[in-house]
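Below: one structure, written as structure tokens.
Note that ligands are numbered from 1 as they come in the structure, with each ligand's atoms numbered from 1 the same way. No experiment lies behind these values; they were computed from the predicted model shown.
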Amino acid sequence: MKVIVDMDKCQDHGQCVFAAPEVFRLNEAGKLEYESAPDDALRDAVEEAADVCPLQAITVEG
Ligand code: SF4
């Protein structure tokens, strides 16, 4: 599974972090960081994160 976040859209509010903290985090500067190739076991959480992102900035492939 590949995760791509459009950082031009992302506004760093962190809804995805609540949905899938294993994959998404906010760094010390408050900017989103994420795992771009998470384990497939995290698929449900990643898809939930994509669903809750208000900017629809998260794409899941594979
Ligand atoms: S929920 Fe979407 S806009 Fe918010 S931090 Fe995550 S990717 Fe960025």
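- A heavy-atom distance below 4.5 Å is not found between the side chains of E22 and P38.
- The side-chain heavy atoms of L26 and L32, taken from C-beta on, include a pair separated by under 4.5 Å.
- For the pair V3 and I58, the minimum side-chain heavy-atom distance is below 4.5 Å.
- When the side chains of ILVMFWY residues are joined at heavy-atom separations under 4.5 Å, either directly or via intervening members, L55 and F24 end up in two distinct hydrophobic clusters.
- Residues V60 and V17 are members of one and the same hydrophobic cluster, defined by side-chain heavy-atom contacts under 4.5 angstrom among Ile, Leu, Val, Met, Phe, Trp and Tyr.
- Around atom 6 (Fe) of ligand 1, the protein atoms of type N, O or S found under 2.8 Å away are C16 SG, listed by chain and number.
- The protein atom (non-hydrogen) at minimum distance from atom 3 (S) of ligand 1 is Q11 N, 3.5 Å.
- Clustering ILVMFWY residues whenever any of their side-chain heavy atoms sit less than 4.5 angstrom apart, transitively, puts M7 in the very cluster that holds V23.
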